[in-house]
Amino acid sequence: MFDREQQIIETKIREFCAQNRIPLAELKWSPIPFSGEWGISTSFFATAANEARGGKKIQVPQRAQEIAEQVKVQIGRVDGISRIEAVKGYLNLYFSTSEYARRVVDEVLASGADFGRGAPKNERVMVEYAQPNTHHSFHIGHFRNTILGEALARLTEFAGFETIRASYPGDLGLGVITVMWMYDKFYKGREPQGIHERGQWLMKLYVEATAMLEPKENETPAEKAKREAYDAERREMYRKWDAGDPYVRDLWRMTREWSLEELRDILRILDVKMDVWFFESEADEPAKEIVDELIQRGIADDERPQGGAVIVKIDEKLGLTKEKYRTNILLRSDGTTLYLTKDLALAKQKFEKYHVDRSIYVVDVRQSMHLQQAFAILKLWGFPQADKCYHLGYGFVSLPEGAMSARRGRVVLFKDVMDEAIRRVLAVESEKGPEVPEADRKKIAEQIGLGALAYSMLSVDNNRDIVFEMDAALSFDGRTGPYIQNAHVRANSILKKANNLPKQADFDYELDSHEVQLIELISRFPDVVQQAANEYRPLVMAAYAYELANTFHSFYHAVPVLQTDNENIRAARLRLVAAAKQAIANALRLLDIQAPDVM
RNA sequence: GCCCCUGUAGCUCAAUGGACAGAGCAACUGCCUUCUAAGCAGGAGGUUGUGGGUUCGAAUCCCGCCAGGGGCGCCA
């Protein structure tokens, strides 16, 4: 937001260094890290180190300080900069608060929901996330995936990338067939009616079927025969599905739709609007088609004549001598495709049909090897976008009692957690906010509960595993979603009592350090958006949102707004509160967290 | 055997080459006749797993070791 001032000063520094034959290193600016101080800072360590390497006999820290002092003299007075200091090798430029405060607050209020939006980058990015399997239910691990992907999509979009959201549900395979078999044989027509009840019920069938089909210890010959007969039925159903048998296909479409209905409803709750749906079942045919092409191009090796599979010796084709990507299979010896084959076909479609420049895969970190292999093959295949494929891996979500297991039914369902979250918030609400109308309570409870859940996922770096604990995830105190939402609510509360917002105001008074800190932090928002998007890290925004809320809460306590007698100061502070509210709302929105006006 | 991730305050986590390594939770001390106490203020808590190296400067980069987790040709 202060590019102009920065340019002027950079020019002066360059001139000075050129005149004095000082080998200036790249100038890197950062905010002054001391609280309550507002300005920009750079250091001369790298420059001094350049001199040292050039043969000068100097002590780098002392020389850096010397340069900083000389530069300070050279710069002299600059409009908008109240003071300049050279300390410990750093050059600190303090802003004239009144002028900048007004500039920041005016810009935020003029831009509104667009404050912080980056200029269009003319690049199209596709974010693939929300890839649960059908015929199961949406658990807390899927939630981490979805919230991470959605936050990332919101960030890239806001940062200036054209963004396409894609979901890729796994709707085939033995697990799917197992559920269908169980349904068809034992539960036909007995499905519950509610969308979520029915979706979750499919998972129960899976658990029951798995137990039924698993070999047991000490089973009698009769039990063994029965189990094997069941398994044969299941395999037969799989064969029929493959052959396109109308009965099995209808069964598949119907049960699949039950799962998708539940998924769509959860995405609706999470305010996730998918642009593209890829289904694993629809990737199968295209996948088969590309295998021949890859063989012809000499990328894949066909070992079928020797009774083998179609494979890609990735390291060899890349000319690597040490093993890195190893070898993987494109086509089983029976001619069926694998996950890798489908991912390649999908990537081709992303590049050729959707013309994406960057492709981000939000997928469990355990599939890291698989995706690196896929990207390497795309490179061999000649797609220039292969270099801009990025795997945003995330650690898996486990439970205090161990890993989740769909087979054993040991999962924590997202819907259950959400319902519990809402219950807990409602309990707090009736205690703390009895004046909130009954009709609004449910909605607010949902916003707060989901906010707590989303933030608990986003405030942990994606490459860390998470042990899901209900009480921690649904905490409303401290570094949590509700804490940030509460800052928004309090800002709103002041504005509501003020009735109307002054059209303009000057900050031409002695600003409290809390005010300075708040304005300074708001001014950083656009940079934070860019950083989070460029690094594909929602955590950066999550950390910022907390810091902003924290600063606002402190300001709220220390600085009177409505109680201020001076009309000008009151007007300026009201506008600052409005700007803070807007910045918090924008930050929360990028994290897919609602910003309620009351709580 | 090879590869990837993690190791920071009692606990959960930030900080990816720069200024005194920061938050929250838990425990402790204050603050509601004052704009919402889901809050604020305060003190306490650290050999950044470990041993070397690079650098003016390392939690951060490089090498070794230790501990935990994950992955590695017909699963997804």
Side-chain angles (χ1 to χ4, degrees), chain A residues 28 30 32-34 41 43 45-46 48-49 52 58-64 87-90 92 131 133 170 172-175 280 303 308-313 322-334 336 338-340 342-343 363-370 372-373 393 395-396 398 425 428-429 431-433 435 448 452 456 459-461 463-467 469 472 475-487 489-498 535 539 542-543 546-547 549-550 553-564 573-574 577 598-599:
Chain A
K28 283 185 265 186
S30 55
I32 293 171
F34 310 116
S41 165
S43 72
F45 297 111
I58 50 167
Q59 295 288 316
V60 168
Q62 283 84 336
R63 177 57 182 156
V87 52
K88 293 181 182 175
Y90 288 85
N92 294 332
Q131 317 98 327
N133 289 331
L172 51 77
L174 191 60
E280 203 184 336
E303 296 183 343
V310 178
I311 63 168
V312 184
K313 295 174 180 166
K322 283 172 76 176
E323 68 172 8
K324 183 172 181 187
Y325 298 107
R326 299 168 183 253
T327 298
N328 210 341
I329 293 175
L330 285 186
L331 216 53
R332 290 189 185 95
S333 39
D334 67 3
T336 53
L338 287 115
Y339 189 49
L340 177 67
K342 286 169 234 176
D343 246 339
V363 180
D364 189 324
V365 74
R366 284 173 291 192
Q367 294 181 36
S368 168
M369 176 75 164
H370 161 81
Q372 293 313 312
Q373 290 177 327
F396 62 84
S398 62
V425 181
V428 177
E429 269 182 353
E431 176 195 326
K432 297 195 173 180
E435 72 282 357
I448 306 294
S456 76
S459 60
V460 179
D461 205 3
N463 56 13
R464 269 180 193 271
D465 293 342
I466 290 181
V467 176
E469 285 173 272
S475 165
F476 308 139
D477 301 322
R479 202 173 186 285
T480 64
Y483 175 93
I484 303 166
Q485 291 171 314
N486 189 40
V489 165
R490 290 174 125 187
N492 180 66
S493 183
I494 293 176
L495 297 169
K496 199 168 55 188
K497 287 212 164 106
E535 296 177 4
L539 169 67
Y546 173 75
E547 209 183 335
N550 179 256
H553 278 303
S554 298
F555 161 87
Y556 179 90
H557 274 271
V559 183
V561 178
L562 298 172
Q563 277 85 5
T564 306
R573 286 182 177 162
L574 269 174
V577 169
V598 287
M599 66 188 276

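Heavy atoms only: backbone and side chains are in, while hydrogens, waters and symmetry mates are out.
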**Prompt:** Does any donor-acceptor pair link the side chain of A/N92 with the base of B/A19 at a separation under 3.5 Å?
**Reply:** yes
**Item:** Complement of B/A67, any strand, by Watson-Crick or G-U distances under 3.5 angstrom
**Value:** B/U6
**Item:** Interatomic distance at P, B/U8 relative to B/U48, whole Å
**Value:** 11 Å
**Item:** side-chain N/O A/S459 vs B/G24 OP1/OP2, d < 4.0 Å
**Value:** no
**Request:** Would you indicate what A/V365 reaches in the nucleic acid, counting non-hydrogen atoms under 4.0 angstrom: base, sugar-phosphate, or nothing?
**Result:** nothing
**Rounded distance (Å) that lies between atom P of B/A76 and atom CG of A/L330** = 13 Å
**Fill in**
Using Watson-Crick geometry (N1-N3 plus N6-O4 or O6-N4) or G-U wobble (N1-O2, O6-N3), each under 3.5 Å, B/G17 is paired with none
**Message:** Categorize A/V577 for me: base, sugar-phosphate, or nothing, with a 4.0 angstrom heavy-atom threshold over every strand shown.
**Reply:** nothing
**Prompt:** Using the C1' atom in both, what is the distance from B/A58 to B/U47, to the nearest Å?
**Reply:** 15 Å
**Item:** Short side-chain N/O contact to B/A76 OP1/OP2 from A/R332, under 4.0 Å
**Value:** yes
**Request:** With RNA chain B as reference, determine whether A/I448 or A/F34 sits nearer its 5' end, using the nearest nucleotide of each.
**Result:** A/F34
**Request:** Would you indicate, yes or no, if B/G69 has its OP1 or OP2 atom less than 4.0 angstrom from a side-chain nitrogen or oxygen of A/R464?
**Result:** no
**Prompt:** If we call it a pair only when both distances are under 3.5 Å in a Watson-Crick or G-U wobble match, what pairs with B/C72?
**Reply:** B/G1
**Asked** Rounding to a whole Å, what distance do you find between A/Y325:OH and B/C4:P?
**Response** 11 Å
**Asked** How long is the line joining CZ of A/R479 and C1' of B/G22, in whole Å?
**Response** 10 Å
**Item:** For atom CD of A/Q563 and atom P of B/U33, their distance in whole Å
**Value:** 14 Å
**Request:** Looking at every strand, decide which applies to A/E280 at a 4.0 Å heavy-atom threshold: base, sugar-phosphate, or nothing.
**Result:** sugar-phosphate
**Message:** In whole Å, measure the gap between the P atoms of B/U6 and B/A14 for me.
**Reply:** 10 Å
**B/G22 to B/C28 separation - P atoms, rounded to the nearest Å** = 25 Å
**Asked** Base, sugar-phosphate alone, or nothing: which one does A/Y483 contact when heavy atoms must sit under 4.0 Å apart?
**Response** sugar-phosphate
**Prompt:** P atom, B/A26 versus B/U12: distance in rounded Å?
**Reply:** 15 Å
**Message:** Say we look at B/G51 and B/A67: how far apart would their C1' atoms be, to the nearest angstrom?
**Reply:** 15 Å
**Asked** Does OP1 or OP2 of B/C40 have a side-chain N or O of A/N550 closer than 4.0 Å?
**Response** yes
**Item:** Residue-phosphate contact under 4.0 Å: A/K28 side-chain N/O, B/G17 OP1/OP2
**Value:** no
**Item:** Distance, rounded to the nearest Å, where A/R490 contributes CZ and B/U34 contributes C1'
**Value:** 13 Å
**Message:** Considering every strand and a 4.0 Å limit on heavy-atom distances, what is the contact class for A/Y546: base, sugar-phosphate, or nothing?
**Reply:** sugar-phosphate
**Asked** Out of B/A19, B/C72, B/C56, which has the shortest distance to the side chain of A/V60?
**Response** B/C56
**Asked** Roughly how far apart, to the nearest Å, are B/C74 and B/U55 at atom P?
**Response** 47 Å
**Message:** Need one value for A/S368: base, sugar-phosphate or nothing, where a base atom within 4.0 Å counts as base even if backbone is also close, heavy atoms only.
**Reply:** nothing
**Asked** Is the closest side-chain heavy-atom distance between A/Y483 and A/D477 below 4.5 Å?
**Response** no
**Asked** Do A/H370 and A/D343 have a side chain donor and acceptor closer than 3.5 Å?
**Response** yes
**Prompt:** Taking atom P of B/G71 as reference, at what distance in whole Å does atom CG of A/N328 sit?
**Reply:** 15 Å
**Prompt:** Touch check for A/E431, heavy atoms < 4.0 angstrom, all strands: base, sugar-phosphate only, or nothing?
**Reply:** nothing
**Prompt:** Given that both distances must come in under 3.5 Å, which nucleotide forms a Watson-Crick or G-U wobble pair with B/U33?
**Reply:** none
**Nearest non-hydrogen partners of A/A491 and A/V577, listed with the distance** = O-CG1, 3.6 Å
**Asked** Please give, in whole Å, the distance from B/A26 P to A/D477 CG?
**Response** 7 Å
**Asked** How is A/L338 classified with respect to the nucleic acid when contacts are heavy atoms under 4.0 Å: base, sugar-phosphate, or nothing?
**Response** sugar-phosphate
**Fill in**
When rounded to whole Å, the NE2 to P distance for the pair A/H553 and B/A37 reads 10 Å
**Request:** Determine the Euclidean distance between corresponding C1' atoms of B/C61 and B/G57; express it in Å to zero decimal places.
**Result:** 13 Å
**Message:** Which nucleotide wins on minimum distance to the side chain of A/V460, given the candidates B/C13, B/C5, B/C35?
**Reply:** B/C13
